[in-house]
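Notes follow the structure.
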Amino acid sequence: MEAASFTSASSTTTPVSSYSSTSQSLRFLRYKPNAKPLNYKSSRSFSVRASATGADDSVVTVLDYGAGNVRSLRNAIKHLGFDIKDVQTPEDILKAKRLIFPGVGAFAPAMDVLNKKGMAEALCAYIEQDRPFLGICLGLQLLFESSEENGPVKGLGLIPGVVGRFDSSKGIRVPHIGWNALKIAKDTQILDDVGNSHVYFVHSYRAMPSDENREWISSTCKYGDDFIASIQKGNVHAVQFHPEKSGDVGLSILRRFLNPKSGRTQKLVQGNASKLAKRVIACLDVRTNDKGDLVVTKGDQYDVRENTKENEVRNLGKPVDLAGQYYKDGADEVSFLNITAFRDFPLGDLPMLQVLRYASENVFVPLTVGGGIRDFKDANGRYYSSLEVASEYFRSGADKISIGSDAVYAAEEYLKSGVKTGKSSLEQISRVYGNQAVVVSIDPRRVYVKDPKAVEFRTVKVRNPGPNGEEYAWYQCTVSGGREGRPIGAYELAKAVEELGAGEILLNCIDCDGQGKGFDIDLIKLISDAVSIPVIASSGAGAVEHFTEVFRETNASAALAAGIFHRKEVPIQAVKEHLSEEGIEVRM
């Protein structure tokens, strides 16, 4: 699955007040897994044209079938100087001069929507005529015969093969999230500028190479095994990765598809990038200051106010400007944490939504946002589900959402009852959007103990003894921005949220926050060894060496920092250069 925002192309600018639990944007919730399969039978006849037509036309047709954060793709297309026409009917597909299919979400409901709208047959007819086509992510997977995701489920059947889940027993973390390398299988113009660059993947399912589909394969990627990263035959292309989230190299891929006559800027080169890179993430804590302005701030053990007479909110810059700068500086992702909004009326927090919209116009790496994602009622008694709150974030440009306190409550209930109710925000959002779209943010505080058997929670032997010589500690989870401790440990929470549908864990540490003395290696090792989903290390970075330490001594997939980047104490590029010099693969 891929992250998805379940809305039609025309609904991206719909006012917040118009959304309801029965709106078109949530129509996939009504998907029935036992619906009749696609009736279309592909002849698999494929005639390659000599060249694409309409290459000079500035209009590109986008098939937004109602699932996905297509705002990022739209922004990328507009950034490259092209106009967009949205598919409304099957005839729009057949009339397209060039078609992009940004498929995200789950395989089965996507096929169901395409079939019910009559778009599956039109799509097959368009592709079999060898007309300019680019499928992205699920837009590649749907071209195959079937998928094992909630299946088997029949696909379009244009390419031989079955889409299956990554095998986590081979020591890989699932979902596959991050920047990985391509192995070019043949010379295709759109991949000419990839060279030694990484591209961004986020998925749990993949198609595998075989003798039957080998003629289609233009590149593969190694993650456990080699899987199909892209296909090409004639004017038909599809990629498993997200070019709209792959920085400059991704924009180059889109440019070469949209303008096939553009000259080749460099010779095809087998890249030096060899595997999944460790990610360096810039985090922006966003809140309103005392004047009502939205600013980026940074806490010291979660306290964001200056130690002055005025006690004002620490102001480190404007969110959109900083996000854009970090993208230029080489951040692999940008994370926004809305630390004061959404307390009473999440969907009314328009300034933060605007931050996402503006940031996504010029930031072509993944954007994560968190803060107040939960079920609630407004002052008029109207109920809003966490799914609606998340949907608004996705529509505004977020690729992933981060859940904090609400995930703690859900985990406590799950551990108490042993029952997955399906009603928590974590379960609802991961079921509809895919677990790779849901990050759980854990905010624990270290509690020292002399005897590990004295507590019911998992303890670790700490490197630095406690104030009374204690050699062990457990990590108590907190809610409400660290203000309230809960009767659950970080280890227990991490295991529970993985089972409930989290695709990634953002692991903070209140004790280390703002101290600049390094990440809590004991905590990060404990959690990254306990789960099979990616773990992002956070809190405590103060020098480039701290990033090397956390990647060498733990199984963290990414490391996040805030203050040292905001204050320009340690540039992002310096972190990456140091990691590379130390033999740790990063995206440069």
Side-chain angles (χ1 to χ4, degrees), residues 38 40-55 57 59-65 73 77 82 85 87 90 92-103 107 110-111 114 119-147 155-161 163 182 184-192 194 199 206-207 209-210 212-220 227-244 250 252-262 268:
L38 173 69
Y40 177 81
K41 301 295 183 183
S42 169
S43 63
R44 281 204 191 147
S45 61
F46 192 92
S47 175
V48 177
R49 291 186 178 190
S51 64
T53 60
D57 197 324
V59 176
V60 56
T61 301
V62 174
L63 172 53
D64 174 11
Y65 63 93
L73 177 64
I77 293 171
F82 290 83
K85 175 179 173 57
V87 170
D92 292 333
I93 294 176
L94 299 175
K95 293 177 182 178
K97 292 186 177 181
R98 58 171 71 82
L99 178 66
I100 296 183
F101 182 20
F107 195 101
M111 282 304 306
L114 291 177
M119 292 181 179
E121 294 186 35
L123 190 56
C124 286
Y126 180 93
I127 292 172
E128 287 182 337
Q129 292 170 18
D130 187 31
R131 298 167 67 184
F133 173 83
L134 177 62
I136 297 175
C137 205
L138 189 63
L140 176 144
Q141 295 181 12
L142 292 169
L143 302 180
F144 286 82
E145 293 173 303
S146 65
S147 173
L156 295 174
L158 295 167
I159 304 177
V163 177
L182 299 181
I184 306 299
K186 62 181 177 183
D187 188 349
T188 64
Q189 186 175 351
I190 71 169
L191 299 181
D192 277 0
V194 172
V199 292
R206 78 286 184 263
S210 68
E212 289 74 21
N213 60 35
R214 198 163 302 279
E215 65 176 341
W216 284 87
I217 299 172
S218 57
S219 72
T220 60
F227 67 89
I228 297 174
S230 65
I231 63 95
Q232 179 268 332
K233 185 182 281 191
N235 295 309
V236 175
H237 304 264
V239 296
Q240 179 62 70
F241 54 90
H242 285 266
E244 77 279 15
S252 171
I253 291 169
L254 289 172
R255 182 186 296 110
R256 287 185 171 276
F257 170 74
L258 294 171
N259 185 11
K261 293 184 178 180
S262 60
L268 184 68

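What you see below is based on every heavy atom in this structure, not just the backbone, and it leaves out hydrogens, waters and symmetry mates.
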Which residues share a side chain to side chain contact (heavy atoms under 4.5 Å, CB included) with Arg206, sequence neighbours left out: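 Once residues adjacent in sequence are excluded, the partners of Arg206 under the side chain to side chain contact (heavy atoms under 4.5 Å, CB included) criterion are Phe166, His203, Met208, Phe227.
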
Can you list the residues that meet the side chain to side chain contact (heavy atoms under 4.5 Å, CB included) rule with Ser146, with sequence neighbours excluded?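 For Ser146 the side chain to side chain contact (heavy atoms under 4.5 Å, CB included) partners, ignoring immediate neighbours, are Val162.
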
As a quick check of understanding, evaluate side chain to side chain contact (heavy atoms under 4.5 Å, CB included) for Leu142 and Leu123, giving each step before the final call. CA-CA 11 Å; Leu142 292 169; Leu123 190 56; over 6 Å; no

For Glu215, salt bridge (Lys or Arg N to Asp or Glu O under 4.0 Å) partners two or more places apart: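 Only Lys233 meet the salt bridge (Lys or Arg N to Asp or Glu O under 4.0 Å) criterion with Glu215.
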
Could you grab the distance from atom [atom1] of [X] to atom [atom2] of [Y], nearest 0.5 Å is fine?
X: Met119; Y: Leu94; atom1: CE; atom2: CG; answer: 10.5 Å
X: Phe241; Y: Leu140; atom1: CZ; atom2: CG; answer: 9.5 Å
X: Ile93; Y: Leu63; atom1: CD1; atom2: CG; answer: 5.0 Å
X: Leu156; Y: Met111; atom1: CG; atom2: CE; answer: 4.5 Å
X: His237; Y: Arg98; atom1: NE2; atom2: CZ; answer: 11.5 Å
X: Ser230; Y: Leu134; atom1: OG; atom2: CG; answer: 10.0 Å

Looking at side-chain heavy atoms only, is the closest gap between [X] and [Y] below 4.5 Å?
X: Ile136; Y: His242; answer: yes
X: Val59; Y: Lys97; answer: no
X: Val62; Y: Ile77; answer: yes
X: Phe101; Y: Leu114; answer: yes

Donor-acceptor pair, side chain of Tyr126 and main chain of Lys95, under 3.5 angstrom: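 Side chain of Tyr126 to backbone of Lys95: no pair is present.
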
Can you tell me if Lys186 uses its side chain to pair, donor with acceptor, with the backbone of Gln232 under 3.5 Å?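 At least one qualifying donor-acceptor pair exists.
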
If every non-hydrogen atom of [X] is compared with every non-hydrogen atom of [Y], which pair is closest and at what distance?
X: Phe133; Y: Gly135; answer: CE2-N, 3.4 Å
X: Glu128; Y: Leu158; answer: OE2-CD2, 3.5 Å
X: Asn259; Y: Phe82; answer: CB-CZ, 4.2 Å
X: Pro160; Y: Asn213; answer: O-ND2, 3.1 Å
X: Leu143; Y: Gly139; answer: CG-O, 3.6 Å
X: Thr220; Y: Pro209; answer: CG2-CG, 4.3 Å

Side chain to side chain contact (heavy atoms under 4.5 Å, CB included) partner of Leu99, chosen from Thr61, Val60, Ile127: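 Single pass found, and it is Thr61.
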
Any chance you could lay out the side chain to side chain contact (heavy atoms under 4.5 Å, CB included) test for Val87 and Asp64, step after step, and finish with the verdict? CA-CA 7 Å; Val87 170; Asp64 174 11; over 6 Å; no

